[in-house]
Structures are given as C-alpha cells and as structure tokens.
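Shown next, in structure tokens, is the structure this report addresses.
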There are 2 protein chains.
Amino acid sequence: MSANAGSGISGRQRPARLGRRALVAALAMAGMALPAAAAPLLTAAESDPVALGWMQGFPPPSEKIIGQPDSDYFSFPKLRWTVCHFRELLPTRRVSRGLEAPRALPYALDPNIDAVTFTPLGGGEPMTWEAAFDANYTDGLLVLHEGRVVHERYAGCLDEAGVHGAMSVTKSVTGLLAEILMAEGALDETALVAEILPELEESAFGNATVQQVMEMTTGLDFSEDYADPEAEIWTYNAAASPLPKPDDYEGPRSYYEFLATVQPDGTHGEAFGYRTVNSDALGWIIARTAGRSVADLVSERFWQPMGAEQDAYFTVDAIGTPFAGGGLSAGLRDLARLGQLVLDGGELDGKRLFPEAAVERIRQGGDRDAFARAGYANLPGGSYRGMWWVLHNEHGAFAARGVHGQTIYIDPTARMVIVRFASHPVAGNAANDATSLPAYQALAEYLMGRDPRAE
Amino acid sequence: MSANAGSGISGRQRPARLGRRALVAALAMAGMALPAAAAPLLTAAESDPVALGWMQGFPPPSEKIIGQPDSDYFSFPKLRWTVCHFRELLPTRRVSRGLEAPRALPYALDPNIDAVTFTPLGGGEPMTWEAAFDANYTDGLLVLHEGRVVHERYAGCLDEAGVHGAMSVTKSVTGLLAEILMAEGALDETALVAEILPELEESAFGNATVQQVMEMTTGLDFSEDYADPEAEIWTYNAAASPLPKPDDYEGPRSYYEFLATVQPDGTHGEAFGYRTVNSDALGWIIARTAGRSVADLVSERFWQPMGAEQDAYFTVDAIGTPFAGGGLSAGLRDLARLGQLVLDGGELDGKRLFPEAAVERIRQGGDRDAFARAGYANLPGGSYRGMWWVLHNEHGAFAARGVHGQTIYIDPTARMVIVRFASHPVAGNAANDATSLPAYQALAEYLMGRDPRAE
C-alpha cells in the first residue's frame, strides 16, 4: 500500500535517494505511524498548499515549483498540492461525463453534524466531527444520508469544482466493474487468469482464479518495500511510468508487460495480501473481457448514466493503459454519486444501471480467515471482496480505501455514504483510522436517531 | 508555423532523424505542398485512424502503439489519432466548464449544404462542400448561421463528445484575452514588454510594444526551420517539453526561460513574421497582468459563462505553464460557442461577457503593409490583429487558423461561424486553403440567399 505504487510517479527514484518518505511509507505498510517524537509533522493548517504558495505566480518562485522532473513531488507537504494536480504532471486518460446536464444532488445540510462526538480508536479524549476534519488532513468530505447531502466541506487544494486523486479507491471502482461483468454473466470468477489472458500463463497469475485476484489472495513474489533496492516495486514503478525510458532500460514497459514477469510465492487462496498488481491484473481481465478500457467503462457504466458533474481521469502507462490500481482522479460529489449508486444496489431514479447481485456479492464479504492472517488491527473480523473492504460490523458497512485518507464508506443500515479526499502525511490509513472509523460509526448513529425513516 | 512548435512533443527529435516529416513541414512553411509525384499521400479514408487501428486492443499490437517515447507520433498518418489524444501523451492543465448544465446550441440543420459548390483557389474543377470534407482530411466541421447549427459532421478520431487539438487557433484565444484586457483598461498596447515583464528586458521582446507582439511584427532572431540543426526551434522545443530533461541538459527549462533568450533581428513593427513565441510572450503578459493563467482565464471568461459542454485543456511545460501558442484542445461545439460569442461581440443571451471593443479592434485588422511583406499568397490584402487573421474581404471575414487545417472562420456579413478540426497531412494551411476559403465564401453566399434576415 505505497503512496504511489504503479502510478509511474516514483519511477525515477532509487532507494538511495529515499529518506523520510520511505520511512513513512515503510512504517505505514506495516500499519504503524511515524512516532511523533521522531519528526513533528506540520498540521493541516501549517501544511495548507495554498498558504504554502506551491505553484503560484508566473513563474512560481523556484522553491515553490512542483514539477515532473522533481521526483519529490509526492512527499509531504508537497503532496497536499499534488493530489489535486496529477494531470499537470502526467499523461492521463479522460473519463467522460458525457454531454448532458449533471443530475443534481438533493441537499439537506445539517449544521449539527460538526458537533457529533466520538472516541478515537484506542481511547483518548473525545473528538468532534469538526475537529477530525483537520486532524485527518482532509481536503474534501461529503456525507449523503437517504440520498441527500447532509454535510459537505472542502479545504487544501480542493473545492467543489476540482478533482482529487482517489488513490486505491480506484481498486474498488475496478472491482465493481468486475463484479458487474460477473453478475451479467460475461466473466466467470472460477476461471483461471491464463484462460482469459494467455499472456499471463507463465506468471504467478496464470493459475490463480479471477476470484483470488479480486480478493487479493494470490500468492505473489512481490515486495512493496521501498527500502529494499531489490524489491519488485522498483521494476513495477519503472514499467508503469509513462515517461520515456532511459536508453539502457531493458525492463517491462507497461503494466501488462510487468504483470507477465510476476513470480509465485506461496499458495493462491490462503492469505490476503494487499498488492496493487492484483488490481492491474483485474483491469486487464476486464478490458479483455469487455473489449473496453477501464476508463471507458467507468464513463459508460457510471459517470454518464449517474449524471456526473465533472469528467474524471486515469493516469496511464506508456501505452495508454489506465492505472486500474490507483490512477483515478475525480470530483468529490461524483465519488458520492458513485457511492450512492452502490448503496442503492445499482438503481438510480427507478432505473437499473447494473445488477443488484454485483453489490450483494461485495457486501457478503470475502474469506475472513484469509483476511485475518494479514493482521489489520483496525479492521478486526473484516474481509476483502470485489476489491472493497468489508467491515462485517453491526451496520454491515463496507468501504473503498486509498492511501493518505481517501475513502468511500457505505453504511447500509444508516443509509449513509461518506466520501473523503485527504492528504494525510502518512500513507497508510492506519494513521487516520483511529479518528475516522469511530467518527463514521458515531455519525451513522446520529443520523439514524435524527431520521426515523432510517430505523 | 510548424506542426508542433513549442508543444514539447518534438523535443526529443533531432534533425538527423527527420525525414519526410521535416520535408513536408519545411515545404509547408514556405507555402508549398509536397509534389504528389514525390510521395502519394494516403487519402482521408485510407488514413482513417480507426480503420488503421491505432491504439486498439489490450494491449494494442506493437506496430499500432502511439506512445510518448515514440518521437514520431505527430507524423502523418499517426497524427490523425494524436490530434484527439494529446492528454494521453503529455501533462495538461484543465480548462473547466464549471458545474452547470451546458447551454444548448439551437439546431436548424440544412441537408442542402452538402451540395453547395465552389471553385477551388487557382481554378480547377468545381467541388462540393461535401467533397471538400474529405479532401481536407476534416475531423469535425460545424457551421452556425444566425446562431443556429445548420451543419455538423465528424470523422476520423473525433465525435461530438471528444476534443481535438486546436493548434494555433490557440493563439487567437490568447489574443482575444489580451484584447479584452486592453478594452477593460488593464493592459496598455503601447507599453513596452519589459515594463510588464522585467525578465524580458535583455531579450528581443524587451523594447517591443504589446501591440507589436500581438501583431507579430517583432524583429526576432528565431528560425522555425526544422532542417537546420542550429535553428532556435530546437532550443524552444526542448525548453517547452514537460518531460524530464537529460542529465547534461543546460538550456532553458520553460517557455518563460526560453523567451528571455530570444535575440533581436531587424526592427520591431516593420514586417509581419508568424512566430509562435510571440503568443507565448503574450500569454506571459496576460498572466502577469491578470494574475491568472491563460488556462484559468479561458475557463472564467469563456468556457464557464458561455455554457461549454466539455472541459477543454492546455498542454503545459515543466512548470505548468499553458502553451498559449498552440496547446488548446477543445470540443468542436465549444469552439463554435466561442466563435459565436466573438461574432456577437461578447454578448450572450442579452448579457455582456466582455467589451465589444475587443472584437471591434480585431475586425479593424492590423498593419496590411507589414502583412503584405510576408507574402501569404492565399490571404492577399489581409492582416493580423490580436492574433487573428483578418481577410479584409467584402464580408469582413476574420479567422483563427492552426496547422493541419484547424480554424474558426467568422463572416459577420453572413452572420456565419465555421469551426473546423482537421488532420491534413501537410502542416501549413496553404495546402488546404484552396479547397477551404472559397468553400466558406460560397457557403456564406448560400446562407445569405437562403435567409433574408441575414441580408
């Protein structure tokens, strides 16, 4: 769960140049936050990208430039600017909203939500919903209850007319597409990957099932340890980069070429292992099955029919492949529209956009034993299915999650959808779960008490 | 008037590698088409990018990939795909349409327009409007008469939901912004460039007036001869490229840095010399004056208030500067909306979006003697003002023009706006003017006869 695995944006880095960021990333991958004593981080206000003046002026002062050749541009606090500006640094493929008028979101804002109080995971002083916003370095937060917007706030680089990197929330969008194809009978979850993609016959994916890929229980020899110069993540990042390769480069040149090189480690189906390459493999499976790229499918299946108000986009590799594991940037309200569509099981305004079975399967969850072996302390009893995180809590909540605090959190019992974009200094969500997950639960309970229809 | 001057997309090329494309470009710059005997070009149908299969499949066959490392991607026939896909190859900056519903264009399609007949410049057999579409390798063509769409057709890589490179039509959009700032009193056309941009004090631009920049009568030592390895265009392209520079690169790293290196040649104000760097300088003047980038101004002054139906975008350099001389990609209908707004002198639905004086100044035209010295055979008696081409014909027509056939052609007498996107194999518009300019005039006369209100 690296900050930018596969986006190509760290393709030019080498371990020797990594310092603090590698440390943060490595700790985050291990589910640990950086000890506060080691390096006091700037607060949300102190690291505000507008206040810091990144990329302002014509030209910006040299020390305020965040540009492509600057390999440091996804480090904190620069990343607080970068999360809204990937397209200005990298080639991208559009997710068209089409040409129609956007479908309006109904509003019923509730100013009392700011005062909703919760106790952070692990105990500590109670915190308000409002205080959690900055504590989590939130850039945008929107809550839908019963399909109406009850809360909406922006900060940092984002406003209602901008887009923000969804990071690994992208995986869940990709996974939803796959679940839809399965529910429609176009894709068989028991099929071996090599039956769909003969190019992966010789790789570790070849004898994995589609379901194992979708639940990330494949046994892969793939390390995302940035501190290890031999880690596969380096080859992956180089392959994923859309930028011209060095003249002496002899490695894989696309997501697809990289996937073919992945070797097995362990047995498929035994343990959950969160590896982005599974999402890239799934993106390829989807494209081969549907004859459409993931970016086009997101437009055709979601963005156009749901009446999105902004185009979204994917970062791409050197042959135009959308980064199915983390490349989506979108508007906050459009992410909320997608979340509501999932909550509603694919129905919008009385019209069915995809089979309800696609969402039902996700909500059932995946192999909880396999998940438990990965040891996610903040998600006890959880599972992973269709590239969504299933909490298996009393409300039956499930979520899309991306590094630095991105989420779509869906609570079917409270009829609540929370979407959040953030730029937390620590990549792993273990660093913000403590002040997020209990806040979501508290808000759900508040909303259920407020609106008897939801009981 | 090169194919891609300043877009950064040929920044990695060197003269030794240029073959046929350099020949075509060089001939085009001299107003000459390649002799048909030398190399029979594929027809529009033969070079159709969909039929040729560029970038289709997952992955596309290797010989069908058009990617960033492939320095040949703006050569014909590949360019017929590339003109719709710049953002997939390069970093870009969005021109937001905002979040509102698009303003609908009224339709009154006239199927008889296809049969309108004209005689090509220089004589020859009469040709129909319909036949000219393919003869000019047209990708999209839309005609507004009295504000209503009377003709619309797409081919090649484009449809109504896509965008296409506007190439040097961008200059006219930049120029219009400058004319607006002047009409609003924010910019003085008699000011010296160095008074606004002290950074250009030591360059050739320093002692030129804003007006000289806008009419391209600056005396600059700047060659766009791709066949000459010492030509300034090479340094310009390298500076403009948003891609990481080679380790041993020591030249300018942005449009701004390049502009500061331009040396004088000749006397300002004497002769028209079509050089893209003037538009880049104007873009900088605008940004410094308005405190907003050209991309943001196009959004705020045009795209949002005119109710555009698609976001547009600009390619950018390594510090995010929009390419004011040629980087705009837009939807055809939105380009038509802009053309209609210009024809209507800045008024839309009874509301004034900018002072009418901005358009009046363009229509008056520039220095015709200075223009005549440049010897544009197809535009006799013409001039260049506010970065628009003014024909000074009986109808008072004026136009934005970009290589490979892009245009906004405005005929105030006929109350007609023609917008065209194309991917003609020859860069210079001299290659398509013969089957375009007389067609536009014939259509204007047809429309005036058809609708008495226009008389």
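Each chain gets a letter, A, B and so on, in the order its sequence line appears, and its residues count up from 1.
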Closest non-hydrogen atom pair, Arg87(B) against Tyr313(A): NH2-CB, 3.2 Å

Please lay out, stage by stage, how Arg97(A) and Asp311(B) fare under the test side chain to side chain contact (heavy atoms under 4.5 Å, CB included). CA-CA 10 Å; Arg97(A) 57 172 293 282; Asp311(B) 285 350; over 6 Å; no

Kindly compute the distance separating OG1 (Thr289(A)) from CZ (Phe58(B)), expressed to the nearest 0.5 Å. 10.5 Å

Assess whether atom CD of Glu202(B) is packed by more than 12 heavy atoms of other residues, nucleotides or ligands within 6.0 Å. no

Could you tell me whether the side chain of Leu99(B) reaches within less than 4.5 Å of the side chain of Pro102(A), counting heavy atoms only? no

Can you establish whether the number of heavy atoms outside Glu250(B) located under 6.0 Å from its atom CD is more than 12? no

Shortest non-hydrogen pair, Pro59(B) vs Trp284(A), comes out as CD-CZ2, 4.0 Å

Is the shortest side-chain heavy-atom distance between Val163(B) and Arg94(A) below 4.5 Å? yes

Is it true that atom CD of Glu100(A) has more than 12 heavy atoms of other residues, nucleotides or ligands lying nearer than 6.0 Å? no

Name the member of Glu257(B), Glu88(B), Glu309(B) that forms the most heavy-atom pairs with chain A at distances under 4.5 Å. Glu88(B)

Please identify each residue that fulfils side-chain hydrogen bond (donor to acceptor under 3.5 Å, both in side chains) with Tyr154(A), with sequence neighbours left out. Glu152(A)

To the nearest 0.5 Å, what is the distance between OG1 (Thr92(A)) and CG (Leu89(B))? 10.0 Å

Taking every heavy-atom pair that is under 4.5 Å apart, which of Ser293(A), Ser96(A), Ser254(A) has the most such pairs with chain B? Ser293(A)

By ring-ring contact (aromatic ring centres under 6.0 Å, His included) - contacts of Trp303(B) (at least two apart): none

Could you tell me the separation between the OG atom of Ser62(B) and the CD1 atom of Ile319(A), rounded to the nearest 0.5 Å? 10.0 Å

